[in-house]
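Below is one structure, written out as structure tokens; the observations come after it.
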Amino acid sequence: MVSLPILYSFRRCPYAIRARMAIRYAGIQVELREVILADKPVSMLAASAKGTVPVLILADGTVIDESLDIISWALQKNDPEHWQVDFDDQMAWQLIEQNDGSFKQHLDQYKYADRFPEHTMQTYREQGCEFLSRLEHQLSQHKYLLGDRLTQVDISIFPFVRQFAFVDKDWFDQSAFQNLLKWLTDMLALKLFSSVMAKYPRWQADTEIQIL
Ligand SMILES: N[C@@H](CCC(=O)N[C@@H](CS)C(=O)NCC(=O)O)C(=O)O
């Protein structure tokens, strides 16, 4: 029996969502191991001591434990709709960097504002809006973030915008970010997205194999 790559994942984690989307899009089968973040499997920590998901372990033992690297790996294998972008393109890289950097920080502070009492929830939301404005500007010019077709940049950023929007969806829906709302709505409607959001039982050494 050919052993599949193993993906340690957590359903709601935005990093894991983007990795699962890329793997599924590329048509690569992996064994999905759903973890509980508060009680990570020893085998996952043995492969990647930093203890974050997603972690992908290839059949030859190679470990890829950064979601952006998992996306690149998947797209190098198969990229039927040309999602790959040239990261010499400043905009592509800057958007992802800002998303994973300051925006992710503001998102966490907005979402869990009670844990960050230095400022109000509204302040954290306003800080996050700086990035949303940038996305809105891009999307006022074309349907997707870099142009008229979807790329890995859309996939990489979407799960984070989704989280931000759903902290207070009524606010987001009536905000000035109407192109962003349309983009988010389109992304949420992708079959690819719903297909990677299926619920899997927690993985344990004796559980049945689950395939993504
Ligand atoms: N830079 C990493 C970040 C991954 C990450 O931070 N994942 C979170 C879950 S969304 C995590 O595993 N946190 C560890 C924990 O909560 O114990 C990547 O892109 O893969």
Side-chain angles (χ1 to χ4, degrees), residues 5-26 28 30-58 61-77 79 83-85 87 92-116 124 127-128 131 135 145 151-167 184 187-188 192-204 210 212:
I6 294 167
L7 181 73
Y8 289 94
S9 176
F10 175 61
R11 182 173 177 269
R12 285 183 290 115
C13 165
Y15 302 98
I17 292 174
R18 67 188 182 185
R20 294 198 303 271
M21 286 179 83
I23 290 171
R24 185 78 186 234
Y25 156 80
I28 302 168
V30 298
E31 178 188 338
L32 188 134
R33 296 186 174 178
E34 179 73 15
V35 309
I36 305 242
L37 292 176
D39 187 12
K40 292 163 193 149
V42 174
S43 53
M44 175 185 135
L45 295 171
S48 174
K50 71 188 169 91
T52 61
V53 288
V55 175
L56 181 68
I57 307 175
L58 305 183
T62 305
V63 175
I64 311 180
D65 63 3
E66 279 294 324
S67 57
L68 294 176
D69 294 337
I70 295 174
I71 294 173
S72 298
W73 171 83
L75 299 188
Q76 272 159 27
K77 292 234 164 264
D79 184 9
W83 279 13
Q84 271 182 302
V85 300
F87 280 109
W93 186 242
Q94 279 172 15
L95 288 177
I96 290 186
E97 214 174 24
Q98 191 174 354
N99 178 77
D100 286 26
S102 58
F103 180 65
K104 168 65 172 145
Q105 186 190 332
H106 297 143
L107 164 62
D108 288 345
Q109 290 170 325
Y110 174 42
K111 195 167 168 207
Y112 306 109
D114 50 336
R115 297 185 204 162
F116 301 97
Y124 295 128
Q127 290 172 340
F131 183 58
L135 300 182
L145 289 172
T151 70
Q152 70 188 104
V153 174
D154 297 278
I155 296 300
S156 298
I157 291 175
F158 148 71
F160 299 83
V161 175
R162 167 179 174 265
Q163 272 196 350
F164 195 96
F166 280 93
V167 173
L184 177 66
M187 301 291 287
L188 289 169
L192 177 65
F193 171 62
S194 36
S195 74
V196 304
M197 294 306 283
K199 289 192 177 157
Y200 292 92
R202 176 192 185 178
W203 178 79
Q204 280 170 317
Q210 306 285 333
L212 173 67

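When a ligand or atom number is given, it counts from 1 through the structure's own listing order.
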Can you report which non-hydrogen protein atom sits closest to [atom], along with the distance?
{"atom": "atom 14 (C) of ligand 1", "value": "G51 O, 3.6 Å"}
{"atom": "atom 10 (S) of ligand 1", "value": "C13 SG, 2.6 Å"}
{"atom": "atom 13 (N) of ligand 1", "value": "T52 CG2, 4.1 Å"}
{"atom": "atom 6 (O) of ligand 1", "value": "Y15 CE1, 3.6 Å"}
{"atom": "atom 4 (C) of ligand 1", "value": "V53 O, 3.2 Å"}
{"atom": "atom 19 (O) of ligand 1", "value": "S67 OG, 2.6 Å"}

Ligand 1-proximal atoms of R18, by part, heavy-atom distance under 4.0 Å: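 Only the side chain of R18 comes within reach of ligand 1.
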Do any nitrogen or oxygen atoms of P54 lie less than 3.5 angstrom from nitrogen or oxygen atoms of ligand 1?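 Between P54 and ligand 1, no N or O pair is found under 3.5 Å apart.
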Does ligand 1 come near enough to E66 that some N or O of the ligand is less than 3.5 Å from an N or O of the residue?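 By distance alone, the answer is yes.
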Test of ring centre spacing under 6.0 Å for F164 and F131: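 No: the rings miss the under 6.0 Å criterion.
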Using ring centroids (six-membered ring only for Trp), state whether F160 and Y15 fall under 6.0 Å.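 Yes.
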Just jot down the ligand 1 atoms closer than 4.0 angstrom to any heavy atom of K40, in number order.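 In order of number, 14 (C), 15 (C), 17 (O).
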Apply side-chain contact (heavy atoms from CB on, under 4.5 Å) to residues L184 and F158 and explain how you reach the verdict. CA-CA 7 Å; L184 177 66; F158 148 71; 3.8 Å; yes
From the candidates D100, I36, L37, D39, the one that places a heavy atom nearest atom 16 (O) of ligand 1: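 Heavy atom nearest to atom 16 (O) of ligand 1 belongs to L37.
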So W93 and V85, side-chain contact (heavy atoms from CB on, under 4.5 Å) or not? Walk me through it. CA-CA 9 Å; W93 186 242; V85 300; over 6 Å; no
